[in-house]
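Input: a single structure, listed below in structure tokens.
In the text below, chain A, chain B and the rest are named by the order of the sequence lines, each starting its count at 1.
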There are 2 protein chains.
Amino acid sequence: MGIKERKERHREDFKARILQAAKKLFITEGYEATSIRKIAAEIEFSPTTIYLYYKDKTDIAYALHQEGFGLMRERFSALAHVDDPFERLKAMGRGYIQFAIDHPDFYELMFIMKEPMQYLQAHHPEDEWEEGEQVFNALIQTVEGCKVHGYFSSMPTEEMAMLSWSVVHGLCSLHITSHFKHIAEKCSDIELIKQDTLLESVFGAYLQLLERLK
Amino acid sequence: MGIKERKERHREDFKARILQAAKKLFITEGYEATSIRKIAAEIEFSPTTIYLYYKDKTDIAYALHQEGFGLMRERFSALAHVDDPFERLKAMGRGYIQFAIDHPDFYELMFIMKEPMQYLQAHHPEDEWEEGEQVFNALIQTVEGCKVHGYFSSMPTEEMAMLSWSVVHGLCSLHITSHFKHIAEKCSDIELIKQDTLLESVFGAYLQLLERLK
DNA sequence: TGGATTAATTAACAGTGTTAAGTAAATTTG
DNA sequence: CAAATTTACTTAACACTGTTAATTAATCCA
């Protein structure tokens, strides 16, 4: 039954081709402008053909969401070799922020939009959210390591991890939605007006909090 | 010229009627399902009539965004009488979180969606973002008060305010997008699985950090 | 009362996601 | 090998969306 395998492989190739076209449009024109019809035109097939390979648009959104997590894991894997857990925690936070600045569209799809997570819940309710949990587990382990080194004593690991995630996500999210843009102008501190440094310096303030309660 | 005034008032009434209809649809069916045509049907006018009173859909979105800030300010005004600034900071955080839980749709419009802020930037670039700045200033002043009482010494006020905002926004945002739902299941700590307590307990962890460095 | 202004309408454009029905090619079966 | 069946894909269509241009009905002013 080698023929069935070949067909399956062809099918996977086709799915990848669709995703590649979707990714191209998504990066250059954003999610809203990435229509099924445009994806179809890109790969020179009829729009309905897409539906033979992806259930609906949120299915494609989830696939792109996964692509984004691939990119993020790539970055984070470089930090696995930072031995000191507190240094690694710092580096993860900075890496997370830099990822959001470098790939705002992917960040939006991964952490701001509801569609991909809703798709997961609606169509694969039993499945776990692998991509996210992998990254989150890395964070959990890093926090655990920090505790071994005397940080955050008497603070629950999970809460500490979620807090750290919330801090960086809050920063990135308010940056991308341009909420900070409208608020930072009124700031007296000139340093903070520069958007790029704003995120890092507020994250720096968080790190100072952590450092002081070793 | 009393007639011109009456017309102007009628115009404002009509704008309010449109907004009321939009608000009703928005609350019951969400933003995406709130179409210009449905709003028009609700007030029993033609869809194009809407455009005589609101520039486009993002204009309506911004008006609803402002409505949301009205609701939020209403809640926060009750906290103005909490004298101790650190207690007020706690109460503001809890109030912010509770607002997001009680009015997730408004919260999305106010802090997660890009459209309203983009409208502000595109059509009123000189204007300030009054609603947001009012709330943010209340936060600034509260942080300032905390510093007087010996908290966050040597931490810049603005950074501290932005950090606090980022923490609660990060929590609310990850809750609404149901990211926490998929991650909390794996948590060993049973307390955290309950979504409602999760936000408050992670915020509690943040407060503990603050308290310890008085 | 007649002309100008204003308010609201209908019709239409250009798009969206998605489904049902139809066609041509490839594959399996008798 | 020819007939039947499955597979891959397309066309046509539905029910929407935001938005604009052209048009009609009503009101105001001289």
Side-chain angles (χ1 to χ4, degrees), chain A residues 1-19 21-22 25-26 28-65 109 113-116 118-119 122-123, chain B residues 1-19 21-22 25-26 28-65 109 113-116 118-119 122-123:
Chain A
M1 278 289 176
I3 200 160
K4 226 169 191 177
E5 272 175 33
R6 200 171 357 167
K7 275 198 178 178
E8 186 56 36
R9 208 173 55 207
H10 176 74
R11 191 182 160 79
E12 289 306 313
D13 282 0
F14 210 117
K15 283 197 85 168
R17 268 178 68 194
I18 293 170
L19 196 62
L25 282 164
F26 166 71
T28 55
E29 307 187 39
Y31 179 74
E32 286 303 304
T34 304
S35 70
I36 301 281
R37 281 173 172 84
K38 281 185 192 169
I39 298 169
E42 187 72 33
I43 58 168
E44 292 181 299
F45 275 87
S46 135
T48 49
T49 305
I50 309 281
Y51 288 89
L52 302 171
Y53 297 89
Y54 288 94
K55 191 177 156 49
D56 54 27
K57 207 194 171 182
T58 62
D59 194 356
I60 296 172
Y62 185 67
L64 285 171
H65 162 112
L109 207 53
M113 284 174 55
K114 287 160 81 181
E115 269 163 303
Q118 273 171 195
Y119 170 82
H123 300 291
Chain B
M1 277 289 178
I3 199 160
K4 225 168 191 178
E5 275 175 32
R6 200 168 358 161
K7 275 199 176 178
E8 187 55 37
R9 208 173 54 207
H10 176 74
R11 192 183 160 78
E12 288 307 313
D13 282 0
F14 210 116
K15 282 196 85 168
R17 269 178 68 195
I18 293 170
L19 196 62
L25 282 163
F26 167 69
T28 55
E29 306 187 40
Y31 179 75
E32 286 303 303
T34 304
S35 69
I36 301 281
R37 280 173 174 84
K38 281 186 191 168
I39 297 169
E42 187 72 33
I43 57 169
E44 292 181 299
F45 275 86
S46 135
T48 49
T49 305
I50 310 281
Y51 288 90
L52 301 172
Y53 298 89
Y54 288 94
K55 190 178 156 48
D56 54 26
K57 207 192 170 184
T58 62
D59 194 356
I60 297 172
Y62 185 68
L64 285 171
H65 162 110
L109 207 53
M113 283 175 55
K114 287 160 80 181
E115 268 163 304
Q118 273 171 194
Y119 170 82
H123 300 290

Next item on the list: For K15(A) and dA8(D), give me the distance from atom NZ to atom C1', rounded to whole Å.
Entry: 16 Å
Check: What pairs of residues pass the salt bridge (charged side-chain N to carboxylate O under 4.0 Å, His left out) test when at least one of them lies in residues 33-42 of chain B, not counting sequence neighbours?
Finding: K24(B)-E42(B), E29(B)-K38(B)
Check: When we call it a touch if two heavy atoms are under 4.0 Å apart, what does Y54(A) touch: a base, just sugar-phosphate, or nothing?
Finding: nothing
Notebook entry, point to check: Between dT19(C) atom P and K57(A) atom NZ, what is the distance in whole Å?
Noted result: 15 Å
Check: Rounded to the nearest Å, what distance is computed from the OH atom of residue Y53(A) to the C1' atom of nucleotide dA8(D)?
Finding: 7 Å
Item checked: 5' precedence on DNA chain C between K55(A) and A33(A) (nearest-nucleotide basis) -> A33(A)
Notebook entry, point to check: Does anything in residues 37-52 of chain A reach DNA chain D, meaning a heavy atom under 4.0 Å, and if so which residues?
Noted result: R37(A), F45(A), S46(A), T48(A), T49(A), L52(A)
Note to self: Y54(A): which residues meet the ring pair (Phe, Tyr, Trp, His ring centres under 6.0 Å) condition with it, sequence neighbours left out?
What the structure shows: none
Next item on the list: Please name all residues satisfying side chain to side chain contact (heavy atoms under 4.5 Å, CB included) with S46(B), sequence neighbours left out, ordered by chain then number.
Entry: T48(B), T49(B)
Check: Which residues pass the ring pair (Phe, Tyr, Trp, His ring centres under 6.0 Å) test with F45(B), sequence neighbours left out?
Finding: F14(B)
Check: With sequence neighbours left out, what residues match S35(A) under side chain to side chain donor-acceptor pair (under 3.5 Å)?
Finding: none
Check: Taking atom P of dG18(D) as reference, at what distance in whole Å does atom CG of L25(B) sit?
Finding: 11 Å
Next item on the list: Whole angstrom is fine here: how far is it from CD1 in I36(A) over to P in dG17(C)?
Entry: 5 Å
Check: Can you check the I60(B) CD1 to dT19(D) C1' distance for me, whole Å?
Finding: 12 Å
Notebook entry, point to check: Taking CZ from F14(A) and C1' from dT10(D), how many angstroms apart are they, rounded to a whole number?
Noted result: 12 Å
Next item on the list: Return the value, rounded to whole Å, for the distance between atom NE2 of H10(B) and atom P of dA26(D).
Entry: 15 Å
Note to self: Quick one: does any side-chain atom of K57(A) pair with a main-chain N or O of T34(A) as donor and acceptor, under 3.5 Å?
What the structure shows: yes
